[in-house]
Amino acid sequence: MDKSTFCALFREACACEAPQLIFIKQYADYADAAQLRSIYVMARAPQRDLIYATGYTLRSLGAMLQIPVRTIESWTADRRPMPYHVRLLIAMVCCNPTLDVPRDFSL
């Protein structure tokens, strides 16, 4: 799946008020069911769960996204809302294994 399709599906999943199965049936022409399920779940996951779903440490995630660790800590503690574009980037990393992203950002 290309990036523009992923972004469009993610936007639709965020705005969708229908249950997951209806979302999957509605967009079945654009991706397989497993991909659509992942996109739907990531679009609706609490920001803390979304951060931990990456598998990165907070420090390495901060290095990858060029975001201070304190900001990410504020997101995991629900003290600050995560911007949409960051949620989208994290979902792209988690849902799209073909995206070429380095896996080690140790400092």
Side-chain angles (χ1 to χ4, degrees):
M1 164 182 337
D2 65 5
K3 289 179 186 176
S4 62
T5 302
F6 183 90
C7 291
L9 289 171
F10 188 82
R11 184 178 52 249
E12 291 298 320
C14 286
C16 183
E17 294 184 18
Q20 183 181 31
L21 290 176
I22 293 174
F23 174 81
I24 291 170
K25 286 180 183 178
Q26 186 174 3
Y27 295 101
D29 293 342
Y30 299 99
D32 65 25
Q35 289 175 318
L36 290 170
R37 187 175 300 109
S38 295
I39 291 169
Y40 187 89
V41 168
M42 292 303 230
R44 300 178 160 278
Q47 58 193 31
R48 176 186 180 97
D49 296 346
L50 188 63
I51 290 167
Y52 289 125
T54 64
Y56 294 116
T57 65
L58 299 184
R59 189 173 186 183
S60 62
L61 184 63
M64 178 179 71
L65 299 175
Q66 296 296 301
I67 296 172
V69 175
R70 295 242 182 204
T71 301
I72 297 173
E73 289 172 346
S74 294
W75 293 337
T76 59
D78 284 329
R79 290 191 299 264
R80 294 175 62 181
M82 181 187 296
Y84 173 81
H85 66 280
V86 175
R87 180 178 275 277
L88 175 62
L89 285 172
I90 291 173
M92 286 178 85
V93 169
C94 291
C95 293
N96 196 350
T98 61
L99 191 64
D100 187 22
V101 177
R103 294 293 171 191
D104 185 18
F105 292 93
S106 330
L107 298 177

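Atom set for the values below is all heavy atoms of this structure, side chains included, hydrogens, waters and symmetry mates excluded. Computed from a predicted model, the values in this text were never measured in an experiment. Numbers for residues simply follow the sequence, beginning at 1.
- Within the model, atoms CD of Gln66 and CG of Leu61 stand 11.0 Å from one another, a figure rounded to the nearest 0.5 Å.
- Using a 4.5 Å heavy-atom threshold, the side chains of Leu9 and Gln35 count as separate.
- Note that CZ of Arg59 and CD1 of Ile72 are 12.0 Å apart. Values are rounded to the nearest 0.5 Å.
- Phe10 approaches Ala91 most closely through the heavy-atom pair CE1-CB, 3.4 Å.
- Atom CG of Leu58 and atom OG1 of Thr71 lie 11.5 Å apart (nearest 0.5 Å).
- The distance from atom CZ of Arg37 to atom CG of Asp32, rounded to the nearest 0.5 Å, is 9.0 Å.
- Considering only heavy atoms from C-beta on, Ile67 comes within 4.5 Å of Trp75 through its side chain.
- You'll find the side chain of Met64 stays beyond 4.5 Å of the side chain of Thr54, heavy atoms only.
- Annotation: the span from Arg87 atom CZ to Ile51 atom CD1 amounts to 9.0 Å, rounded to 0.5 Å.
- Considering all non-hydrogen atoms of both residues, Met82 and Gln47 come closest at N-OE1, 2.9 Å.
- When all heavy atoms of Thr76 and Arg48 are compared, the pair lying nearest together is O-NH1, 3.1 Å.
- You'll find the side chain of Tyr52 stays beyond 4.5 Å of the side chain of Pro46, heavy atoms only.
- Residues Leu36 and Phe23 form a side-chain contact, since some pair of their non-hydrogen atoms from C-beta on lies under 4.5 Å apart.
- Contact of the Gln20 side chain with the Val41 side chain is registered, since non-hydrogen atoms from C-beta on lie closer than 4.5 Å.
- Side-chain heavy atoms closer than 4.5 Å link hydrophobic residues (I, L, V, M, F, W, Y) into clusters, and following such links, possibly through other members, connects Leu89 to Tyr84.
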